[in-house]
Amino acid sequence: MNLTQQARPGAGPSRTALVRAAQRGDERAFRALVADIQQRLWQVARRLAGDDDRAADLVQESLMRAFRALPRLRDPERFMSWLLRILNHVATDTLGARQPESLEDLAEAGIEPMASELEGPEARAEAAGTAEAIDRALAAMPMIYRQPLVLRHVLDLTYDDLAQILDLPLGTVKTRLFRGREMLREHLLREGIRP
Amino acid sequence: MTCDELRLAFHEELGGTPGPGTREHLRTCSLCRAWSASLAAAIRDLETAAIPAMPLDFSRSLAPALVRERRARTAGRWRWVAASLVLLASGAGGWQLGRLLLVRQTEPGPRQARTADILSAPRALPGHADVVPASLGR
Ligand SMILES: [Zn+2]
């Protein structure tokens with residue numbers, strides 16, 4: 001994903017133009033900007049949060065904080081990167097303090113627990129699909145590993161983008177990303193999703 | 001290349017083209033071959049697994065909710081600015097009144113007022129209209 005690109009090329013004014021207009025208080029530009037970015041933001045939030053309710057809270061709170069601070073954004077070209085930075089701050093504030101979820105938490109939240117760990121191999125075949133397993137794997141890992149994993153593999157961002165958004169040195173970004181990938185792999189193995 | 005080095009290199013090269021060192025190690029090491037296959041598959045799962053769509057009602061209500069919040073904040077900010085200006089104006093008026101009256105207090109006469117009166121009603125001192133600057137007092 002190119003962070004300066006608009007989501008729907010050719011579908012009206014550029015994102016940068018919308019940001020500039022919204023900074024001047026143009027309400028239509030503001031609405032168009034929300035329409036332009038909300039799906040991308042949702043994808044990240046949904047993966048980070050693990051369920052619809054928390055993802056919706058995350059998107060809404062991030063956009064509120066962003067639009068309050070919008071007049072102070074100096075480089076409208078970097079809007080998406082700036083917005084993702086805010087979203088990650090909000091995710092850390094609101095979701096990061098929570099412990100990675102235990103099987104009991106997941107069950108309480110209505111997310112099917114890992115059948116392989118609870119009921120043995122025969123239940124493995126009945127385990128929920130890969131998408132749900134991914135949600136469980138992400139929920140089970142600390143936010144500092146979840147964030148680079150989602151930004152890199154859901155939004156297809158570069159390491160440099162990650163370093164900027166997460167405000168971390170490149171080396172730390174890579175270490176966390178590699179550790180997150182390993183946690184994901186181990187989790188999917190445990191669930192029997194992968195041989 | 002050791003197995004640890006292979007793993008680091010594989011992470012770096014994931015999504016791109018594996019280097020000759022990586023390929024050579026994977027050709028000869030079954031442990032790393034199994035590890036790299038499961039890691040690549042897990043990442044493929046993450047990249048391709050469907051993300052539940054944004055709920056339609058949330059998507060529809062998001063922009064209007066943000067606009068409402070923005071309007072409320074803007075209105076709140078103007079109310080605050082207006083209140084500050086009023087306070088500032090009355091404060092300045094009170095201070096000027098106080099200063100003028102302090103000077104006049106040294107001259108005996110009927111035009112005297114208690115400080116409390118000045119502070120509580122700087123714009124409505126009966127009989128003292130001449131000490132309230134026109135721009136502040138009316
Ligand atoms: Zn090896």
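These numbers come from a predicted model, not from an experiment. In what follows, chains are A, B, ... by sequence order, proteins preceding strands, each numbered from 1.
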**Request:** Please list all pairs passing the side-chain hydrogen bond (donor to acceptor under 3.5 Å, both in side chains) test where one or both residues lie in residues 13-23 of chain B, with sequence neighbours left out.
**Result:** Glu13(B)-Thr22(B)
**Request:** Report yes or no: does Trp42(A) contribute a side-chain atom to a donor-acceptor pair with the main-chain N or O of Pro52(B) at less than 3.5 Å?
**Result:** yes
**Request:** Answer with side chain, backbone, both or neither: which region of Arg47(A) has an atom nearer than 4.5 Å to a non-hydrogen atom of chain B?
**Result:** side chain
**Request:** Select, from Glu27(A), Glu186(A), Gln39(A), the one with the greatest count of heavy-atom pairs under 4.5 Å involving chain B.
**Result:** Glu27(A)
**Message:** Do Glu12(B) and Phe178(A) make a side-chain contact, defined as non-hydrogen atoms from C-beta onward lying under 4.5 Å apart?
**Reply:** yes
**Asked** Is the shortest heavy-atom distance from the side chain of Phe58(B) to the side chain of Val59(A) under 4.5 Å?
**Response** yes
**Rounded distance (nearest 0.5 Å) linking atom CG of Leu39(B) with atom CZ of Arg185(A)** = 6.5 Å
**Request:** Measure the spacing between CZ of Arg181(A) and CG of Leu14(B) and express it to the nearest 0.5 Å.
**Result:** 4.5 Å
**Asked** Is chain B contacted by the side chain of Ala22(A), its backbone, both, or neither, given a heavy-atom distance below 4.5 Å?
**Response** backbone
**Item:** CG on Asp45(B) to CG on Leu184(A), rounded to 0.5 Å
**Value:** 7.5 Å
**Complete:** Applying a strict 4.5 Å limit to non-hydrogen atoms, the region of Ala53(B) in contact with chain A is backbone
**Item:** Counterpart residues, side chain to side chain contact (heavy atoms under 4.5 Å, CB included), relative to Cys3(B) (two or more places apart)
**Value:** His25(B), Cys29(B), Cys32(B)
**Asked** Are the side chains of His11(B) and Leu177(A) in touch, meaning some heavy atoms are under 4.5 Å apart?
**Response** no
**Fill in**
Highest number of heavy-atom pairs under 4.5 Å with chain B among Gln38(A), Arg31(A), Met64(A) belongs to Gln38(A)
**Asked** Does any heavy atom of chain B fall under 4.5 Å from the side chain of Glu182(A), the backbone, both, or neither of them?
**Response** both
**Item:** From CD (Gln60(A)) to CG (Leu62(B)), nearest 0.5 Å
**Value:** 6.0 Å
**Message:** Does any part of the side chain of Val154(A), heavy atoms only, come nearer than 4.5 Å to the side chain of Glu47(B), both counted from C-beta?
**Reply:** no
**Asked** Does a sphere of radius 6.0 Å around CZ in Arg33(B) hold more than 12 heavy atoms from other residues, nucleotides or ligands, not counting ones at 6.0 Å or beyond?
**Response** yes
**Request:** Applying side chain to side chain contact (heavy atoms under 4.5 Å, CB included), run through Arg68(A) and Glu69(B) and close with a yes or a no.
**Result:** CA-CA 9 Å; Arg68(A) 271 174 222 156; Glu69(B) 205 262 354; 2.9 Å; yes
**Asked** With a 4.5 angstrom heavy-atom cut-off, which part of Ile134(A) approaches chain B: side chain, backbone, both or neither?
**Response** side chain
**Item:** Shortest non-hydrogen separation from Ala49(B) to Ala131(A) and the atoms involved
**Value:** CB-CA, 3.9 Å
**Item:** Contact class of Ser59(B) relative to chain A, heavy atoms under 4.5 angstrom
**Value:** both
